[in-house]
Amino acid sequence: MEFNLQNLEVALQAGRKYPYLPFSVHFFESVSSTNQILWDMLNLGATSGTVVIATSQTAGRGQWGRQWISPVGGLYLSLAISCDGKIEATDSYQLTFASAWGIASQLRQHNVNVGIKWPNDLVLNGRKLGGILTETKVNKGQVTQTVIGVGINWINPVPETGINLESWQASQNYRPISCLEMLASTVLLGIESGMQCLFQEGINILLSRYLNLLTNMGDKVYVNNLSGTVVGVTPQGNLRIDLENYGTKELITPEIYIEPGTISLGYHKSSV
């Protein structure tokens, strides 16, 4: 599959109001994982704003060590960002939230009605359009460097719970994202705007914007046989769940926090 760096450059320039990151894009046909290639490049002196894009990955990584199947036809992209001690290691999920909100809101500006499934999935029509894998380098409790990896379904085959952007666009009467380069540009501009929001406006503003696009708000969940409702997310990335009080005499904490990876939320039609 052809990828035209010049088209990407044009799309980036057209979409950028305030350049924040100095993008330097490197394209590969097939790699083990765009995140891994980018870490290798950083070890050799690459700087913040370096981007790796590939048409396929042979060892794509998902959250919690899962494999990310990456056939030709998808967008596989990683971006390096220096954090310079702005983020505590315990708050590293804020980088994922910034990226998810930024990408979703950028796509929504193109009338692609994307929502976010906690903590890091992009959903469209209740199905998974893409995912984000944030990896960090930490020194003395501070995040010094992060690599944001993004996989988005473009024309690649997807499982039952997935959707690709081209088939969705075919079902609409318009085609807001015209090519893979425009999708890559939208993702990069989205991450850039998310990081700007996090670093310049702060976590409270970012979190309220993230929650506005979170498809899980109000979901009923069961934790240890107790029923509860999703009411938000903490700045550390944990899901906030309000437990229903069954009128028991036991003291049950009305709100509990669930760490990412310990509970699985299903896909459902998004109303955002």
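Please read all numbers here as calculations on a predicted model, not as lab measurements.
Other residues, nucleotides and ligands contribute more than 12 heavy atoms inside 6.0 Å of the NZ atom of Lys86. For Gln6, the CD atom counts as loosely surrounded, since its 6.0 Å shell holds 12 or fewer non-hydrogen atoms of other residues, nucleotides or ligands.
Note on Tyr93: it clusters hydrophobically with Ile203, by side-chain heavy-atom contacts below 4.5 Å among ILVMFWY residues. In the hydrophobic clustering of this structure, Leu183 groups with Ile155; members are Ile, Leu, Val, Met, Phe, Trp, Tyr whose side-chain heavy atoms approach within less than 4.5 Å, directly or through other members. Cluster membership check: Met217 shares its hydrophobic cluster with Tyr210, using side-chain heavy-atom separations under 4.5 Å among Ile, Leu, Val, Met, Phe, Trp and Tyr. One hydrophobic cluster, built from ILVMFWY side chains closer than 4.5 Å, cannot hold both Leu213 and Ile205; they sit in different ones.
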Check against side chain to side chain contact (heavy atoms under 4.5 Å, CB included), Val233 and Phe97: CA-CA 10 Å; Val233 174; Phe97 292 166; 3.4 Å; yes
Full working for side chain to side chain contact (heavy atoms under 4.5 Å, CB included) between Ile148 and Thr96: CA-CA 8 Å; Ile148 309 284; Thr96 300; 6.0 Å; no
Residue pair Lys117, Lys128: steps toward the side chain to side chain contact (heavy atoms under 4.5 Å, CB included) verdict: CA-CA 9 Å; Lys117 174 174 171 277; Lys128 182 167 178 170; over 6 Å; no
Test log, rule side chain to side chain contact (heavy atoms under 4.5 Å, CB included), inputs Cys83 and Gln145: CA-CA 5 Å; Cys83 296; Gln145 181 83 54; over 6 Å; no
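A donor-acceptor pair shorter than 3.5 Å cannot be found between the side chains of Asn4 and Glu181. Side-chain atoms of Trp39 and Glu135 form a donor-acceptor pair, as typed in the model, at a separation below 3.5 Å. No side-chain donor from either of Thr144 and Asn139 sits under 3.5 Å from a side-chain acceptor of the other. Judged by distance alone, the side chains of Asn43 and Asp40 never bring a donor and an acceptor atom under 3.5 Å apart. Side chains of Thr146 and Thr136: no donor on one and acceptor on the other come within 3.5 Å. If you check the side chains of Ser227 and Lys220, you find no donor sitting under 3.5 Å from an acceptor. A donor-acceptor contact under 3.5 angstrom links the side chains of Glu166 and Gln169, judged on distance only.
The structure places CG of Leu206 at 7.0 Å from CH2 of Trp101, a figure rounded to the nearest 0.5 Å. Note that the CD1 atom of Ile37 and the OG atom of Ser78 stand 9.5 Å from one another [nearest 0.5 Å]. If you take CZ on Arg16 and CZ on Phe23, they are separated by 4.5 Å, rounding to the nearest 0.5 Å.
Side-chain atoms of Ser92 and Thr134, non-hydrogen and from C-beta on, never get closer than 4.5 Å to each other. In this structure, Leu95 and Met195 have side chains that are in contact, with non-hydrogen atoms separated by less than 4.5 Å. Residues Ile53 and Thr34 have side chains not in contact (no heavy-atom distance under 4.5 Å, counting atoms from C-beta outward). Proximity of Gln94 to Pro235: side-chain heavy atoms (C-beta onward) are separated by under 4.5 Å at one or more points. Lys137 has its side chain out of reach of Val143: every pair of non-hydrogen atoms, C-beta onward, lies at least 4.5 Å apart. The shortest side-chain heavy-atom distance between Val147 and Leu79 does not fall under the 4.5 Å cut-off. In this structure, Phe27 and Thr55 have side chains that are in contact, with non-hydrogen atoms separated by less than 4.5 Å. Put simply, the side chain of Tyr76 does not reach to within 4.5 Å of the side chain of Val52, judged on heavy atoms.
Ion pair Arg209/Glu201 flagged as a salt bridge, since at least one NZ, NE, NH1 or NH2 atom sits closer than 4.0 Å to an Asp/Glu carboxylate oxygen. Here Arg127 does not pair with Glu160 in a salt bridge; the nearest charged N to carboxylate O distance is not below 4.0 Å.
With Trp168 contributing its side chain and Leu129 its backbone, the two residues share no donor-acceptor pair below 3.5 Å. A distance-only check finds no donor-acceptor pair linking the side chain of Asn153 to the backbone of Asn156 [under 3.5 Å]. With Ser48 contributing its side chain and Ser82 its backbone, the two residues share a donor-acceptor pair below 3.5 Å. Side chain of Arg108 to backbone of Asn111: no donor-acceptor contact under 3.5 angstrom is found. The backbone N or O of Thr50 sits nowhere less than 3.5 Å from a side-chain atom of Ser24 that would complete a donor-acceptor pair. No side-chain donor-acceptor contact under 3.5 Å links Arg240 to the backbone of Tyr257. No donor-acceptor pair under 3.5 Å is formed between the side chain of Asp242 and the backbone N or O of Gly228. Checking side-chain atoms of Thr215 against main-chain N and O of Gly115 turns up no donor-acceptor pair under 3.5 Å. Side-chain atoms of Glu255 do not come within 3.5 Å of backbone N or O of Leu243 as any donor-acceptor pair.
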